[in-house]
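Right, one structure below, let's go through it.
The model shown is predicted, which means the values in this text are computed figures rather than measured ones. Lettering follows sequence order; numbering is per chain, from 1. Every heavy atom of this structure was used, including side-chain atoms; hydrogens, water molecules and symmetry mates were not.
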2 protein chains.
Amino acid sequence: MASDTRDAIRGVAVELFSKHGYEKTSLREIAEQLGMTKAALYYHYPSKQALLVALIEPLIEKWKVVAGRTAGLPVTHANVERILGEVLDVLLGHRAIAGMFARDAPAMFEAIGPFYQDLVDLTLRLHTWLAGPAPTTADRIRAVAATEVLGSALGWSPVIAEVSDHELRTVLLETAITVLRSADRPAL
Amino acid sequence: MASDTRDAIRGVAVELFSKHGYEKTSLREIAEQLGMTKAALYYHYPSKQALLVALIEPLIEKWKVVAGRTAGLPVTHANVERILGEVLDVLLGHRAIAGMFARDAPAMFEAIGPFYQDLVDLTLRLHTWLAGPAPTTADRIRAVAATEVLGSALGWSPVIAEVSDHELRTVLLETAITVLRSADRPAL
DNA sequence: GTCTATACCAGGATAGAC
DNA sequence: GTCTATCCTGGTATAGAC
């Protein structure tokens, strides 16, 4: 087994990192909450950054899979709905971690530049795909906005916290699709 | 006059805070870039936090004005468009600072809790107003999503950076309104 | 009124004892 | 696998030069 201690450390780490931010969470705090010393953490994870990376990796992997699927995929209504749904599932399935990327971006970048860059690049590919072939500027803005709508799932608002994952998924998916479709409407 | 030096300090501070994040920006860095010592900064601003507050204040004031306007205002098409437009103008007029709140949230909260809480409360009031009277859960989610669409103006995507403020304003305003209106569409 | 020198404490990191 | 001792950097505080 991959060590109970490591699991416990990661658990406390996600909790504190998302609550107080990465920079403001001290290793002493994490250690104290686990009943060990700062230095003991260093046995299990060689640095604060390595601990962060261990938390991040599962999200990155799933994000790669979803964004990768868009390669060469035609931008049909059905495909857009499927991809956006998968994106939402990744966000909802890793809320705490994805929320860190959304809300604690500079810390994430300073700590794990290349990994962070991977996520950014993948997101840009998603934007490009969503904008469709030969997009206008407005199409590209809407692609960003649609992604932002999905990001609402990570929000701090009580509205978001109170709603069931299922309803959140349904409404946000429909809304994001509406945003992309709004190109078809006559100009205001 | 309110001191050239203070202006210069604030200029460098916004730049570095938004580039590397608040926590990761050291006062030494700021001082060096200005050709002075760390301690000299302390003459002009009594703490790193006070410097941050000085940057933040103009945004908070404007945000208060806009969110305050919604009090008792009927949720008509025209009013929604006017308020969302004003929100966009505030965001576009304070891009760097507003971006810090969007992307560096834990740092902002740790540093200036009460001020941050003000912004959050005002934003929640905006959500509530946008959701309209007797809102369904879906209405409330869409209100959050519409706000998130406006927040796209603060994004790091090259799409956003390349587009003119005017076109960004036009498209995002129209898109946010579409999101709120999408309740009228027949269910998927 | 503006700045320098200097010292203090907290947090991340490393070496080495047990 | 866990701890003590130690180092370095960054925010902070104060004394004092100009």
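- Distances shorter than 4.0 Å separate none of the side-chain N or O atoms of B:His44 from OP1 or OP2 on C:dG1.
- Between A:Lys38 and A:Gly35, it is A:Gly35 whose nearest contact on DNA chain D lies nearer the 5' terminus.
- Which of C:dC3, D:dT12, C:dA13 sits closest to the side chain of B:Ala40 comes down to C:dC3.
- Between the OH atom of B:Tyr43 and the P atom of C:dT2 there is a distance of 4 Å, given to the nearest Å.
- Note: A:Phe109 and A:Tyr116 have perpendicular aromatic rings, judged against thresholds of 30 and 60 degrees for the angle between ring planes.
- Among the nucleotides C:dG11, D:dC3, D:dG11, the one closest to any side-chain atom of A:Ser26 is C:dG11.
- Of all the heavy atoms in A:His94 and A:Pro58, the pair that sits closest is CE1-CB, 3.9 Å.
- In this structure, B:Ile160 CD1 and B:Leu172 CG are separated by 6.0 Å, a value rounded to the nearest 0.5 Å.
- The phosphate of C:dA13 has OP1 or OP2 within less than 4.0 Å of a side-chain N or O from A:Tyr42.
- B:Glu110 places its CD atom 12 Å from the P atom of C:dG11, with the value rounded to the nearest Å.
- Within the model, atoms CG of B:Leu126 and CD1 of B:Ile83 stand 7.5 Å from one another, a figure rounded to the nearest 0.5 Å.
- Of the candidate nucleotides D:dG11, C:dG12, C:dC3, C:dC3 has the atom nearest to the side chain of B:Met36.
- Take the nearest nucleotide of DNA chain C for A:Pro46 and for A:Arg28: the residue whose nucleotide is more 5' is A:Arg28.
- Candidate nucleotides C:dT4, C:dT14, C:dT2 were compared by shortest atom distance to the side chain of A:Ala39, and C:dT14 ranks first.
- Spacing between atom CD of B:Gln49 and atom P of D:dG11 amounts to 13 Å, rounded to whole angstrom units.
- Nearest to the side chain of A:Thr37, among C:dA13, C:dT2, D:dT4, sits D:dT4.
- Computed from coordinates, the A:Leu41 CG to C:dT14 P distance equals 14 Å when rounded to whole Å.
- A:Glu29 has its CD atom 14 Å from the C1' atom of C:dG12, to the nearest Å.
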